[in-house]
Amino acid sequence: DVKVTQSSRYLVKRTGEKVFLECVQDMDHENMFWYRQDPGLGLRLIYFSYDVKMKEKGDIPEGYSVSREKKERFSLILESASTNQTSMYLCASRIRDSLKNIQYFGAGTRLSVL
Amino acid sequence: LAKTTQPISMDSYEGQEVNITCSHNNIATNDYITWYQQFPSQGPRFIIQGYKTKVTNEVASLFIPADRKSSTLSLPRVSLSDTAVYYCLVGVSNDYKLSFGAGTTVTVRA
């Protein structure tokens, strides 16, 4: 089974802090994704990475950055956390050029910014 | 990405079969139909995917009529642990985005 592991299930941070969310996958997938999920808004794509050191903005990249130094690890960075970034953050991975585009998700990190 | 429409919620009882229909009238020729399941405070989990006719795995069956404008996810003999949100997605392999709508909240009662 594909395993996508997010470093924290729950996180509480203060406004203005720099926050790192880590995601590791064990299936040698090229593509990795960061989403946030909010009630009534569904899943929204923040950033994705085609491969190591490659990244593309998703629909809502403002206030976030990412890092992909190794194939298995994709980090989401909140440069200066704000209360409107309180959300559930989900990491996913998939095989590049997959005919079927199946994404495998981690358990999520519920972030509260106070 | 093709737009999908599915019921907001469905109630069922343990042991019953649950069928969730998803409409996707503007599905394109190369689009696959994929269903995910999400439990509270968990990430979505891939359940099943199909292109046409019927697909079955250990978890569910997916029925797709010839015109492919809709699809039905069938969950046989549900249990309380099948209570979750079920999402229908339609897209092609090079879509890096997944468009999750509101999904269908299935509640299974004892």
Side-chain angles (χ1 to χ4, degrees), chain A residues 1-6 8-10 21 23 25 27 29-51 54-61 87-112, chain B residues 1-9 22 24 27-53 55 57-60 62 64 68 71 73 84-105:
Chain A
D1 271 355
V2 176
K3 191 164 185 184
V4 179
T5 303
Q6 295 185 228
S8 305
R9 290 301 310 277
Y10 301 95
L21 302 183
C23 175
Q25 49 94 3
M27 286 301 293
H29 286 172
E30 291 84 2
N31 300 165
M32 295 188 74
F33 306 81
W34 274 106
Y35 296 87
R36 63 178 283 179
Q37 185 174 30
D38 302 286
L41 296 176
L43 270 76
R44 292 180 289 168
L45 181 64
I46 304 172
Y47 267 98
F48 68 100
S49 170
Y50 285 114
D51 211 327
M54 299 175 71
K55 60 186 179 185
E56 293 287 340
K57 294 179 179 179
D59 296 323
I60 51 165
S87 185
M88 169 71 107
Y89 289 88
L90 292 161
C91 174
S93 74
R94 73 164 190 180
I95 301 170
R96 182 173 61 192
D97 299 330
S98 166
L99 288 177
K100 298 185 176 181
N101 192 17
I102 297 170
Q103 293 191 16
Y104 297 88
F105 287 81
T109 296
R110 188 166 293 281
L111 173 67
S112 296
Chain B
L1 296 172
K3 180 177 169 57
T4 60
T5 303
Q6 52 184 122
I8 295 296
S9 64
C22 179
H24 27 80
I27 189 169
T29 303
N30 295 330
D31 284 347
Y32 280 85
I33 300 157
T34 310
W35 286 81
Y36 287 80
Q37 173 193 55
Q38 187 175 24
F39 298 114
S41 298
Q42 292 285 333
R45 180 177 78 108
F46 167 79
I47 301 177
I48 197 167
Q49 184 179 73
Y51 183 77
K52 60 181 178 181
T53 63
V55 179
N57 62 22
E58 64 279 3
V59 176
L62 179 60
I64 305 168
R68 304 201 327 123
S71 59
L73 175 74
V85 180
Y86 293 83
Y87 298 95
C88 166
L89 284 75
V90 174
V92 296
S93 63
N94 60 357
D95 284 341
Y96 60 83
K97 288 185 182 183
L98 290 183
S99 180
F100 285 79
T104 299
T105 299

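The chains referred to below are lettered A, B, ... by the order of the sequence lines, with proteins before strands, and numbering in each begins at 1. This one's a predicted model, so the numbers in the text were calculated from it and none came from an experiment. All values below come from the heavy atoms of this structure, side chains included, with hydrogens, waters and symmetry mates left out.
In this view, B:Tyr51 and B:Tyr32 satisfy the ring-ring contact (aromatic ring centres under 6.0 Å, His included) rule, not counting sequence neighbours. Among residues two or more places apart in sequence or in another chain, the ring-ring contact (aromatic ring centres under 6.0 Å, His included) test is passed with B:Tyr86 by none.
Between B:Gln38 and A:Leu90 the shortest heavy-atom distance is NE2-CD1, 4.2 Å.
For the set B:Gly101, B:Gly43, B:Pro44, the entry with the most heavy-atom pairs within less than 4.5 Å of chain A is B:Pro44. Of the listed residues (A:Met88, A:Arg110, A:Arg9), the greatest number of heavy-atom pairs within a distance under 4.5 Å of chain B belongs to A:Arg9.
Heavy-atom distances place the side chain of B:Tyr36, and not its backbone, under 4.5 Å from chain A. If you measure heavy-atom distances from A:Glu56 to chain B, you find no contacts under 4.5 Å at all.
Once rounded to the nearest 0.5 Å, the distance linking CD1 of A:Ile102 with CD1 of B:Ile48 reads 10.5 Å.
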